[in-house]
Number of protein chains: 2
Amino acid sequence: MTATEQDPGTRLPGAQCDVCSLHGVCLTQDLSADALERLDSMLDQPSPLKRGESLITQGNAFTSLYLVRSGSLKQVVRPLGQELEHVVGFYLPGETVGLEGIGESHCPASVVAMETTFVCELPYARLSELYCNNPSLSESLLHRMSRELRGEKRQLCLMSGRTAEQRLAGFLLGLSERFQQRGCSRYRFRLAMSRGDIGSHLGLALETVSRVLGRFQRQGVIQIATRELTILSLEGLRAILEEH
Amino acid sequence: MTATEQDPGTRLPGAQCDVCSLHGVCLTQDLSADALERLDSMLDQPSPLKRGESLITQGNAFTSLYLVRSGSLKQVVRPLGQELEHVVGFYLPGETVGLEGIGESHCPASVVAMETTFVCELPYARLSELYCNNPSLSESLLHRMSRELRGEKRQLCLMSGRTAEQRLAGFLLGLSERFQQRGCSRYRFRLAMSRGDIGSHLGLALETVSRVLGRFQRQGVIQIATRELTILSLEGLRAILEEH
DNA sequence: CGGATTTTTGATGATTTTCAATATGAGTGG
DNA sequence: CCACTCATATTGAAAATCATCAAAAATCCG
């Protein structure tokens, strides 16, 4: 069903989670039938974002969580009194966007589409009414947040005391795993983010990212044509990650 | 060995949150009177941890959250197939320990006391029963996790594309703010963590930490005698953080 | 097809790590 | 309470990784 982008009024009644292919990896995955039905009915489906458009803008009022349907986004923070932006995370289909705004009046980070992206919108006010009666929903949310927390700790490890090669290897392995969980190939996928985005995320200069990817290719562990990546040796990447 | 198993006999009936000086910064802060009473009654008070003892051991079963009463702890991750440990966080009184284990069977990280430390133990099984009837409790938990998430993103920014001086400045400013929130001086406090811990947390060699702290002292923004820190110029630290 | 963005590649330099030695501090037992 | 020992912290010199600057090549998009 192609939503008419000019007309935000035409939206389906709910998101029809039960027939959504992402149901198994989405926030909705472990909900009771009752909770799922209620959650579904409160999901909005805004028109798709184009590359570069913001889903969330840092400093704006926090109102909603978002579930990624297709496409991908990056989360970006501009620290106080700083010119430069830092990429602090990427979101793939099935992932929950906006958790770091819960309990805050304003969004602490921006979230920007890296390609054409569809999301479901989940107004937080409705949600918090709902989980009064649905412990399974608040548990699901807690689990999501806990998982994101683990992801951040993992990222911190990756950036602490590791070489550029180890960081890139860890990054690619992480992406590979996430794609696999979503039913995509873990060996072959498109990087929606630029070298600059990757560098910012890993604490490296974009030139370093480019050079290390080139080195990986020459070593035969990956093949990469601009943003089309093929992992030739998962083991090779793991070895690099665990080097020394 | 976990001190929580040592002396289960001597425990008060509940933690008496209502008279606890940390009530205003603890998980308990925004609970309804009813929820607070119930939560209080399910808190255990294990015997204190001595410096170096583990509250949580990576890989062990996840069973409880902990609320820090006094002292401080560090969270440590040993990535798969790696010798080296990474410090991914520090916990001060009033903070909630163990959130990243929610929804997991095993703890993804260890948490170790950096000095003599008292905690309240909150068995997660009891907790999850409770928040079926107490939405205010699940909201409090969500807010805590969201806050920790924001802290991690902040940490990622600090480690991405910043000099050693900026990282240290940001680290000290963050600590200062947290001490102030706990009613301590924001200008004068004791660093419970070693130079090595700080370095691991910031992605720096311990020698670099030592050198930069020395530089800060010579510049007159701090005064530091081993672990006794005095911030002479908050503005100076902020200027360093935002440099360039 | 053409302009703009992104990526690659090279040369240089600076920050930070590493190695090593010393100094200081904390904890322990006599 | 002091001496002793282990852990932690400081400081120096050398090496290495990575950032920066600069320019060319490739890719994307309308």
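The analysis underlying the following values was restricted to heavy atoms, covering all of them including side chains, and did not include hydrogens, waters or symmetry mates. Labels below follow one simple rule: chain letters A, B, ... track the order of the sequence lines, proteins then strands, and each chain is numbered from 1.
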May I have the distance from [X] (atom [atom1]) to [N] (atom [atom2]), rounded to whole angstrom?
X: A:Arg162; N: D:dT17; atom1: CZ; atom2: P; result: 16 Å
X: B:Met159; N: D:dC18; atom1: CE; atom2: C1'; result: 15 Å
X: A:Glu165; N: D:dT17; atom1: CD; atom2: P; result: 9 Å
X: B:Ile198; N: C:dT16; atom1: CD1; atom2: C1'; result: 17 Å
X: A:Leu202; N: D:dT17; atom1: CG; atom2: P; result: 18 Å
X: A:Leu191; N: D:dC28; atom1: CG; atom2: C1'; result: 16 Å
X: A:Arg167; N: D:dA19; atom1: CZ; atom2: C1'; result: 12 Å
X: A:His244; N: D:dA16; atom1: NE2; atom2: P; result: 14 Å

Donor-acceptor pair, side chain of [X] and main chain of [Y], under 3.5 angstrom:
X: A:Gln58; Y: A:Arg78; value: yes
X: A:Ser72; Y: A:Met114; value: no
X: A:Gln217; Y: A:Ile224; value: yes
X: B:Ser194; Y: B:Asp197; value: yes
X: A:Glu177; Y: A:Gly174; value: no

- Message: Within residues 75-91 of chain A, which residues have any heavy atom lying less than 4.0 Å from an atom of DNA chain D?
- Response: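 Result for residues 75-91 of chain A: none.
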- Report which part of the nucleic acid B:Gly203 touches: base, sugar-phosphate, or nothing (heavy-atom distance under 4.0 Å, all strands).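 Sugar-phosphate, no base atom in range.
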- Message: Tell me if the CZ atom of B:Arg227 is crowded by more than 12 foreign heavy atoms within 6.0 Å.
- Response: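 Counting other residues, nucleotides and ligands, CZ of B:Arg227 exceeds 12 neighbours.
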- Does the side chain to side chain donor-acceptor pair (under 3.5 Å) test come out yes or no for A:Ser146 and A:Arg150, once each step is laid out? CA-CA 6 Å; A:Ser146 180; A:Arg150 291 192 294 277; 2.9 Å; yes
- Query: Just how far is it from atom CG of B:Leu241 to atom CG of A:Leu80, taken to the nearest 0.5 Å?
  - Reply: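 Rounded to the nearest 0.5 Å, the CG-CG separation comes out at 9.0 Å.
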For nucleotides 2-8 of chain C, print each protein N/O atom paired with a nucleotide N/O atom at under 3.5 Å, atom names and distance only.
residue : atom : partner  : partner atom : Å
C:dT6   : O3'  : A:Arg227 : NH2          : 3.4
C:dT7   : OP1  : A:Arg227 : NE           : 2.8
C:dT7   : OP1  : A:Arg227 : NH2          : 3.0
C:dT7   : OP2  : A:Arg195 : N            : 3.0
C:dT8   : OP1  : A:Arg195 : NH2          : 3.1
C:dT8   : OP2  : A:Arg195 : NE           : 2.9
C:dT8   : OP2  : A:Ser210 : OG           : 2.6
C:dT8   : O5'  : A:Ser210 : OG           : 3.1

- Task: Answer yes or no: is there an ion pair linking A:Arg178 with A:Glu95, defined by an N-O contact shorter than 4.0 Å?
- Result: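 Looking at A:Glu95 together with A:Arg178, the answer is yes, because their closest N to O distance falls below 4.0 Å.
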- Item | Any B:Thr208 side-chain nitrogen or oxygen under 4.0 Å from OP1 or OP2 of C:dT17 |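 Indeed, a polar side-chain atom of B:Thr208 lies that close.
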